[in-house]
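Reminder, nothing fancy here: chain letters follow the sequence lines and each chain counts from 1.
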Protein chains: 2
Amino acid sequence: MALRHAVLAALLDGEYSGYQLAKIFDLSVSNFWHAVPQQLYSELSRLETEGLISGRQIIQHDRPNKRVYTVTQAGVDELERFAATPAKPGIIRENLLVMVQAVDHISADAVIAQLEERALASAAKIELFEHTLRHLRGDLDEEAFLQSAAPIGPYLTCLRGRRFEQENHEWFTSTARLLRARAGATAEGGEPA
Amino acid sequence: MALRHAVLAALLDGEYSGYQLAKIFDLSVSNFWHAVPQQLYSELSRLETEGLISGRQIIQHDRPNKRVYTVTQAGVDELERFAATPAKPGIIRENLLVMVQAVDHISADAVIAQLEERALASAAKIELFEHTLRHLRGDLDEEAFLQSAAPIGPYLTCLRGRRFEQENHEWFTSTARLLRARAGATAEGGEPA
DNA sequence: CAGCCCATGTAACGAGTTACATGATTAA
DNA sequence: TTAATCATGTAACTCGTTACATGGGCTG
């Protein structure tokens, strides 16, 4: 039971359908939790039967109807209990780092190519985060916004996400450069001390 | 099938038992992959039946016997194939960020307490990484080491891990401070514009 | 002598992933 | 007319987690 709290936390921000949530998970919740759409659909059903969220049907004429959900008081209480129990340490799964770990024993070219590709992707993601942050704080500068009465949870987690991507970008870039340089050096035949 | 490559990459570094691997996963592989001991024991059996690693029994008199494993050529080939296929984007799961996301709707005290606790834990982890890095590079300074002929994969992933923990520490600390300040401000009754 | 470290394993359960299915509207 | 977006669901399967079991040696 772990995804449920991420879904509840995301739904605090507004009334969303499974489909909408899936997109929100993709671009902002993924900073702290990963889930594919199927997980959301089934988790939403479960949360509704348990009374932690309540859904209502929205009839649409130009596109399929949808069911949107809001967090109930029971849902907020559940989040309160969740925050009161010690958080397990976070986990990371990153195949690209697995490859770098093994890079001394396999051909480096494929690894370098992937590092460079991911560097581009992370640059794009940083842009997105910048945009989200500007949007969330509106007219205020960051300091003023963080001292305002407005909700700041989503802003704070987005700050963490941006920083993570910035560090990814930096590491992808410098690691690719280094591996390239070494590939060049060994190709030229020189093995230093 | 994802854990297998992390196990193979970790085993490139030496000959280890399941028990030893579990500890290695805890303190360094966790930078890019998470696994509990049970997963390792069963994954090791599977990898051995598939011929990607080969194990041998070590008889010990002062403590239980153990089975240690090394990566076979087939295992290295498997890693080579792995590195040649596009890596899926990494995933993160961090309950503490879920709590911060929800912090506007629940009482902040528990969240602040956890942030401060985790800040301490990440400081300790940074120390560990520093130590590992010094150990890996031996007498050389970082630049010289990274240009040497020595294996650098483990060093590079450790660099990423250290940076991640540094950023965690920074974010835990500043977020806790901010939430504390806001708690104080609202307790004193003042809600700014 | 209590509790931790070493060392591995089975079994049950819970969570996550993938495939498949449906079907309307809209943009290229 | 091909593809993408919207919108949700069932079912099969793989993976991850927890509980339980065993047992000797070492440390305080």
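Close to C:dT18, at under 4.0 Å from its OP1 or OP2, lies a side-chain N or O of B:Lys88. Taking only side-chain nitrogens and oxygens, A:His34 comes nearer than 4.0 Å to OP1 or OP2 of C:dT17.
Look at CZ on B:Arg93: it is 11 Å from C1' on C:dT17, rounded to the nearest Å. Rounded to whole angstrom, the span from the CD atom of B:Gln20 across to the P atom of C:dC6 amounts to 9 Å. Rounded to whole Å, atom P of C:dG16 lies 9 Å from atom CD1 of B:Ile91. If you measure from atom CZ of A:Arg63 to atom C1' of C:dA27, you get 12 Å, rounded to the nearest angstrom. With rounding to whole Å, A:Asn65 atom CG is found 12 Å from C:dT25 atom P. When rounded to the nearest whole Å, the span between CD of A:Gln60 and P of C:dG23 equals 19 Å.
Put simply, the side chain of B:Asn31 gets close to the backbone of B:Ser28: a donor and an acceptor are under 3.5 Å apart. At least one donor-acceptor pair under 3.5 Å links the side chain of B:Gln20 to the backbone N or O of B:Ser17.
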Residues 51-65 of chain A side chain polar contacts: donor-acceptor under 3.5 Å, at least two apart:
| residue | atom | partner | partner atom | Å |
| --- | --- | --- | --- | --- |
| A:Arg56 | NE | A:Glu15 | OE2 | 2.7 |
| A:Arg56 | NH2 | A:Glu15 | OE1 | 3.1 |
| A:Arg56 | NH2 | A:Glu15 | OE2 | 3.3 |
| A:Gln60 | NE2 | A:Pro64 | O | 2.6 |
| A:Asn65 | OD1 | A:Gln60 | N | 2.7 |

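The ring of B:Phe145 has its center closer than 6.0 angstrom to the ring center of B:Tyr155. Between B:Tyr41 and B:Tyr19, the distance separating the two ring centers is not shorter than 6.0 angstrom.
No side-chain heavy atom of B:Leu44 sits less than 4.5 Å from a side-chain heavy atom of B:Arg67. Between A:Leu21 and A:Tyr69, every side-chain heavy-atom pair lies at or beyond the 4.5 Å cut-off.
Both B:Tyr19 and B:Tyr69 lie close to DNA chain C; mapped to their nearest nucleotides by heavy-atom distance, the more 5′-ward contact belongs to B:Tyr19. Of the two residues contacting DNA chain C, namely B:Pro37 and A:Val36, the nearest-nucleotide position lying further toward the 5' end is that of B:Pro37.
Between A:Phe25 and A:Trp33 the shortest heavy-atom distance is CD2-O, 4.1 Å. Here the closest heavy-atom approach between residue B:Gly90 and residue A:Arg118 is recorded as N-NH2, 3.9 Å.
Across all strands, B:Arg4 comes closer than 4.0 Å to no nucleic acid atom at all (heavy-atom distances).
Of all the residues in residues 38-50 of chain B, B:Gln38, B:Gln39 reach under 4.0 Å from DNA chain D with at least one non-hydrogen atom.
Along DNA chain D, the stretch of nucleotides lying under 4.0 Å from any heavy atom of chain B spans, 5' to 3', D:dC15 to D:dG25.
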